Engineer: 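Please find one structure pasted underneath; my questions will follow.
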There are 2 protein chains.
Amino acid sequence: MITSKDVARLAGVSQPTVSRALNDHPKVSAATKQKVREAARALGYAPSAVGRALSTGRTTRVGLVVTDLDNQFYSYVIAPMHDELGRLGHELVLVTEADETGPIAERLISLGLAGVVLATTTVDSILPARLQDRGMPFVYFNRVAGVEADAVVVDPSAGVEALARAVADAGHKRAAAIFGPHNTSTGEERERAMRAALEEVGISLSQRDVVHGPFDFESGRRGAHELLGRDGAPSLLICANDLVALGALNAAAELDIDVPGRVSIIGFDDLPPSRWALVQLSTVAYDLEAMSREAARLIVSRVQGDRGAPARRVAFGTTWVPRATVGPSPR
Amino acid sequence: MITSKDVARLAGVSQPTVSRALNDHPKVSAATKQKVREAARALGYAPSAVGRALSTGRTTRVGLVVTDLDNQFYSYVIAPMHDELGRLGHELVLVTEADETGPIAERLISLGLAGVVLATTTVDSILPARLQDRGMPFVYFNRVAGVEADAVVVDPSAGVEALARAVADAGHKRAAAIFGPHNTSTGEERERAMRAALEEVGISLSQRDVVHGPFDFESGRRGAHELLGRDGAPSLLICANDLVALGALNAAAELDIDVPGRVSIIGFDDLPPSRWALVQLSTVAYDLEAMSREAARLIVSRVQGDRGAPARRVAFGTTWVPRATVGPSPR
DNA sequence: CTGAAAGCGCTTACAG
DNA sequence: CTGAAAGCGCTTACAG
């Protein structure tokens, strides 16, 4: 490995001068900087992030902590977050959190992460408290938990209220729903917003027409088979997110149930596949890409700046995007 | 930060003994190990990967290098690769390679990566040679380039030949194709295999019915608009991969062209959305998850083991998976 | 079986 | 403006 010592030798200066020159320290003469840069280039020198990290006590790595990396939702988060982190001189490390909330905090510290983005926190997770105790900066992404911290979240209300008015106008009277898990803030908040909005417009949501499940395709598929398979099913199926709705849409295809002829289906997130001509899912949209970038900016600013600053919360608004999966109520 | 020194103090031993005890060194007495472990637990000590890396000259971070992180293909690669790396005690760092092949090798070294997986290498890239010069272990994923190195690849022949026979049996005489980029081994190899297989079964592929583009949705959408929009278009459209085929399928929907009534569409990869009831894309399948895991195993074994060992190439076979997007030729 | 010493590659006061 | 020194948190020969 080529180190700053090698560069120093070639440039005829001391090793600390190499460090200062390459970091563009103001008190290094232009001539020396020039000499050092040339030597570095000649040797193909690449400063070691490991050496720097040990010396400064800080790295430029940010962890994205998720439980289920194969949930497709995150694939739409990773690219913009990675991109924004790169722009800010940081790297993205993926970390999956096993079910046991055991040594994960220690692991994050061990890895030498500068900070982490928590994307799948459950409300009962002890991880946020652990991180706070250990002084590891973090930001909540999409979901929040008990401990006060920076957060990027979605405010469902505007989109959900518009949605409710639209389906009421389309004549729907009874809805079914596949909601998210009870132990996630997102699941709970959307469910609450949706129930309130439906009630407001006089659409009923009977307990027997509601199921809960994870935010994934299979949950939607299974839930739809259960809810739509029986006679007298509601004319409207509301889903916890787009992946759930895509699962439900496919279940409808499997059951040969016409959408939106017999049932209207609604998602939440507006992921790219929802916009496909083949899909045209009606959904509640927000700017997921901007949200991912914002999380990157928040964690970097927290890592670099004042750790004691008050927690910031950035909320993204939602809009209702009607497409082909919602139609007039058949009854 | 809690360090081994703190643990040493509490346990009443020297700092190196802490290191040895926690690494389960055989010559440390059971009693000492016990004492040290308790002290470590009491303090919530997490050994610093940064300190270890500097000391051993090695990290446990593996980089996944891609140009286009928002290509959905990679989202199906990342989860299993990350999982397998985790199983082997390594982490996954995402690295995007900007167009300029400039300082990327230096960057990878700088980051302190133990090794990298190259997933979007073009045949004209200088990166592999650079990495080899610098002694950075790497494995090719899905694509290869000039420099000899470990590789996991797909052998298209079996799947493509079966496909050709199937479409010939279905009466197709003329095909159109949206192939991948010329500067990727994968694009070239699939195109070659496909042309040979079509010729074998007597299906023509006229130059005016062939376009090339990136391995993404938009390429398929655009290509299909171009190829299917005109009169007398072939009855069969072969795509470079599933994302391209999904784009083509959506273009067909946009153009109100019946699939497979008027045109049959074929992909390559068998990504999960291809199996959706709503999609049912006929495609050439291989085990992408196993392939991703294999890449993880190869790079870890290269990093840990003999760097001089001969390059290994693991090829994954393909099968033809007929679904709903292929039908009899209408003509 | 355990400790003292050295070293990994940087950065950063401290002198001069 | 630049060098010598110290130190970040580990691991690993070297003694004993």
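Heavy atoms only: backbone and side chains are in, while hydrogens, waters and symmetry mates are out. Bear in mind the structure is a predicted one, so any value in this text is a computation, not a measurement. Lettering follows sequence order; numbering is per chain, from 1.
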Engineer: Hydrogens and angles aside, do A/Ser125 and A/Thr122 bring a side-chain donor and acceptor to less than 3.5 Å of each other?
Structural biologist: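 No donor-acceptor contact under 3.5 Å links the two side chains.
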Engineer: Only pairs at least two apart or in different chains count here, so list each side chain to side chain donor-acceptor pair (under 3.5 Å) that has a residue in residues 78-88 of chain B.
Structural biologist: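 Matches after skipping sequence neighbours: B/Asp83-B/Arg87, B/Asp83-B/Arg293, B/Glu84-B/Arg87, B/Glu84-B/Arg293, B/Glu84-B/Arg297.
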Engineer: Working note: A/Glu97 + A/Thr67, criterion side chain to side chain donor-acceptor pair (under 3.5 Å); need CA distance, chi angles, decisive distance, verdict.
Structural biologist: CA-CA 5 Å; A/Glu97 176 183 24; A/Thr67 44; 5.7 Å; no
Engineer: Does any non-hydrogen side-chain atom of A/Leu118 lie less than 4.5 Å from one of A/Val66?
Structural biologist: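 A side-chain contact is absent here, since even the closest heavy-atom pair is not under 4.5 Å.
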Engineer: For B/Arg312 and B/Ser301, does a side-chain donor sit closer than 3.5 Å to a side-chain acceptor?
Structural biologist: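 B/Arg312 vs B/Ser301: donor-acceptor pair found between side chains.
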Engineer: In the 5'-to-3' direction, what one-character label does each nucleotide of nucleotides 7-16 of chain D receive under the scheme B = base within less than 4.0 Å of a protein heavy atom, S = sugar-phosphate only, - = no such atom?
Structural biologist: BBBBBBB---
Engineer: Is A/Ile78 close to A/Leu94 at the side-chain level, that is, under 4.5 Å between some pair of heavy atoms?
Structural biologist: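 Yes, at least one pair of side-chain atoms sits under 4.5 Å.
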Engineer: Heavy-atom count around A/Arg134 CZ within 6.0 Å, excluding the residue itself: above 12?
Structural biologist: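 Enclosed: over 12 neighbouring heavy atoms sit under 6.0 Å from CZ of A/Arg134.
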Engineer: Checking B/Asn142 now: which residues fulfil side chain to side chain donor-acceptor pair (under 3.5 Å) with it, not counting sequence neighbours?
Structural biologist: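 Once residues adjacent in sequence are excluded, B/Asn142 has no partner under the side chain to side chain donor-acceptor pair (under 3.5 Å) criterion.
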Engineer: Of all heavy-atom pairs between B/Ser75 and A/Ser75, which one has the smallest distance, and what is that distance?
Structural biologist: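 Of all heavy-atom pairs spanning B/Ser75 and A/Ser75, the closest is CB-CB, 3.1 Å.
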Engineer: For a stem of at least 3 consecutive Watson-Crick or G-U pairs with distances under 3.5 Å, i pairing with j, i+1 with j-1 and so on, which stems involve DNA chain C?
Structural biologist: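 Output for stems: C:1-3 with D:14-16, C:5-12 with D:5-12, C:14-16 with D:1-3.
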Engineer: B/Tyr140: which residues meet the ring pair (Phe, Tyr, Trp, His ring centres under 6.0 Å) condition with it, sequence neighbours left out?
Structural biologist: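 With neighbours one apart ignored, the set is B/Phe138.
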Engineer: Using a cut-off of strictly less than 4.0 Å between a heavy atom of the residue and any atom of DNA chain D, enumerate the qualifying residues of residues 24-39 of chain B by number.
Structural biologist: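 Within this stretch, nothing sits under 4.0 Å of the strand.
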